[in-house]
Structures are given as C-alpha cells and as structure tokens.
Amino acid sequence: METISIRRLVSEETVVLSNCDQPVILTFWTTWCPESQTDLQLKQALYRSADPNKLDMYTVHVPGREAAGADPAAFYEKAGLSIPALQDDGRALYDRLNLNGVPSTVFISRQGEVTHVLGDQASPEEIRHRRRRSGER
C-alpha cells in the first residue's frame with residue numbers, strides 16, 4: 001500500500017502511515033450516521049483495552065459524506081472519544097480504499113497492506129478476531 005498522509009481532526013498536523021511498527025485500525029465515520037455513533041463507542045472500548053505498543057488505532061472523519069454544517073470536533077468531544085481522530089480530504093482516502101459506507105473499519109498490517117475491511121454490521125467479536133489476525137499479539 002502507498003503511504004497515507006492525513007491530517008488530524010483538530011489541527012493541521014499530518015499523520016503519515018506507511019510500513020508501520022505495528023498494525024493499524026482505521027474507522028471511517030460521519031456525525032449524522034447512528035451506526036457510526038454506536039461503532040465509535042465500540043471502538044473506544046477496544047482502544048482502551050488495546051496495548052498501544054502493539055496496535056495503532058485512529059478514527060477518520062469523512063467530510064465528503066458529511067451533512068452540511070456538521071461540527072465533527074464538537075461531536076467527537078461530546079461523545080467522550082479519546083481515539084486519535086483524523087480528517088479525510090473530502091473522500092480521498094475513503095475512495096482510495098474503495099469503501100462504500102460508514103462506519104467502515106480498515107485493518108492494515110505492519111507491512112502497510114490492507115488485510116480486512118468491515119462494514120457497519122461487524123460484531124465486537126469479529127473486530128477482535130480481525131484485530132488479532134492483523135498482527136496484534
């Protein structure tokens with residue numbers, strides 16, 4: 001996979017993901033989607049239980065799928081989420097990964113390859129299983 005450069009939700013700082021030291025989970029979301037809201041709470045629980053030395057987790061807001069006037073930073077704060085949040089450039093990364101709905105969860109191996117993509121119907125058990133299969137020990 002090519003290097004991913006994407007900015008943080010609340011700053012101009014850019015995060016670069018390529019061949020990483022550990023697997024990465026990206027969860028794509030919008031503020032208007034009830035399934036995104038539920039899924040983000042599930043991911044928050046996974047984030048709290050994951051070893052940060054073995055797994056990187058990020059959420060990715062998709063403004064190109066967002067409702068007009070949405071405030072994703074306020075939404076994130078109100079939801080009490082602490083997973084590092086990133087902001088897609090419209091739908092650039094979302095489309096590059098061929099995603100077709102929110103929430104979508106993408107598992108990336110240490111080698112930078114997408115190993116799994118899960119949609120909004122993924123159970124917590126399936127997410128944990130895919131997380132382990134992506135290389136978290």
Side-chain angles (χ1 to χ4, degrees):
M1 172 175 217
E2 297 174 26
T3 298
I4 297 171
S5 294
I6 187 167
R7 78 174 182 84
R8 293 198 181 273
L9 180 64
V10 294
S11 75
E12 293 301 317
E13 179 185 356
T14 299
V15 173
V16 178
L17 304 172
S18 58
N19 289 348
C20 303
D21 294 334
Q22 52 210 25
V24 175
I25 296 177
L26 300 175
T27 297
F28 291 77
W29 60 278
T30 59
T31 62
W32 58 263
C33 176
E35 288 84 5
S36 283
Q37 295 170 25
T38 301
D39 189 65
L40 286 170
Q41 292 302 322
L42 168 65
K43 296 303 183 345
Q44 179 67 31
L46 286 172
Y47 180 72
R48 283 194 300 256
S49 69
D51 182 341
N53 296 311
K54 296 181 181 177
L55 178 70
D56 283 333
M57 288 182 71
Y58 299 93
T59 67
V60 182
H61 175 249
V62 186
R65 298 228 28 206
E66 190 58 84
D71 186 346
F75 166 86
Y76 213 75
E77 184 177 342
K78 183 178 179 184
L81 301 168
S82 60
I83 307 166
L86 307 174
Q87 173 111 324
D88 201 349
D89 181 13
R91 293 174 48 130
L93 183 56
Y94 178 89
D95 288 341
R96 183 171 142 196
L97 294 171
N98 296 313
L99 303 177
N100 59 14
V102 290
S104 289
T105 302
V106 177
F107 296 80
I108 301 172
S109 71
R110 285 182 178 88
Q111 294 74 33
E113 298 192 18
V114 174
T115 59
H116 309 290
V117 176
L118 301 177
D120 67 331
Q121 301 301 314
S123 69
E125 294 77 25
E126 184 174 8
I127 293 166
R128 286 185 191 95
H129 173 73
R130 298 293 180 194
R131 179 179 78 177
R132 284 190 298 274
R133 296 215 36 207
S134 290
E136 183 195 10
R137 294 186 177 102

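Side chains included, hydrogens not; waters and symmetry mates left out as well; all remaining heavy atoms used.
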Exercise. Got a second to check how far M57's CE is from R48's CZ, nearest 0.5 Å?
Worked result: 10.5 Å

For this session: Of all the heavy-atom pairs spanning R8 and P84, show the shortest one and how long it is.
Result: NH1-CB, 3.9 Å

Exercise. Do you know which two heavy atoms are closest between V62 and G90, and how far apart they sit?
Worked result: CG1-O, 3.6 Å

Exercise. Is any side-chain heavy atom of L17 closer than 4.5 Å to a side-chain heavy atom of L26?
Worked result: yes

Exercise. Which atom pair, heavy atoms only, marks the closest approach of A70 to P72?
Worked result: O-CD, 3.4 Å

Seminar exercise, completed: Only residue of L86, V102, D39, V106 satisfying side chain to side chain contact (heavy atoms under 4.5 Å, CB included) with T27 is D39

Exercise. Does any non-hydrogen side-chain atom of I4 lie less than 4.5 Å from one of L93?
Worked result: yes

Exercise. Is a side-chain N or O of Y76 found less than 3.5 angstrom from the main chain of T31, in a donor-acceptor match?
Worked result: no

Problem set entry | Option passing side chain to side chain contact (heavy atoms under 4.5 Å, CB included) with I108 (candidates L97, D56, V24) | V24

Exercise. Is a side-chain donor or acceptor of E35 paired with a backbone partner of P103 at a separation under 3.5 angstrom?
Worked result: no

Exercise. Got a sec: does the CG of D89 have more than 12 other heavy atoms crowding it under 6.0 Å?
Worked result: no

For this session: Check W32 against E66 and note the closest heavy-atom contact, atom names and distance.
Result: CD1-OE2, 3.2 Å

For this session: May I ask you to decide if the ring planes of H61 and W29 are parallel, tilted or perpendicular, using 30° and 60° as cut-offs?
Result: tilted

For this session: Could you tell me the separation between the CG atom of L118 and the CZ atom of F107, rounded to the nearest 0.5 Å?
Result: 4.5 Å

For this session: For residues Q44 and S82, report the shortest heavy-atom separation together with the two atoms involved.
Result: NE2-OG, 2.7 Å

Exercise. Between L40 and T59, which heavy-atom pair has the shortest distance, and what is it?
Worked result: CD2-CG2, 3.6 Å

Exercise. How about T105 and K43: do any of their side-chain heavy atoms sit closer than 4.5 Å?
Worked result: yes

Problem set entry | Residues, nucleotides or ligands: over 12 heavy atoms within 6.0 Å of Q41 CD | yes

Exercise. Looking at side-chain heavy atoms only, is the closest gap between L9 and Q87 below 4.5 Å?
Worked result: yes

For this session: Could you grab the distance from atom CD of Q37 to atom OG1 of T30, nearest 0.5 Å is fine?
Result: 8.0 Å

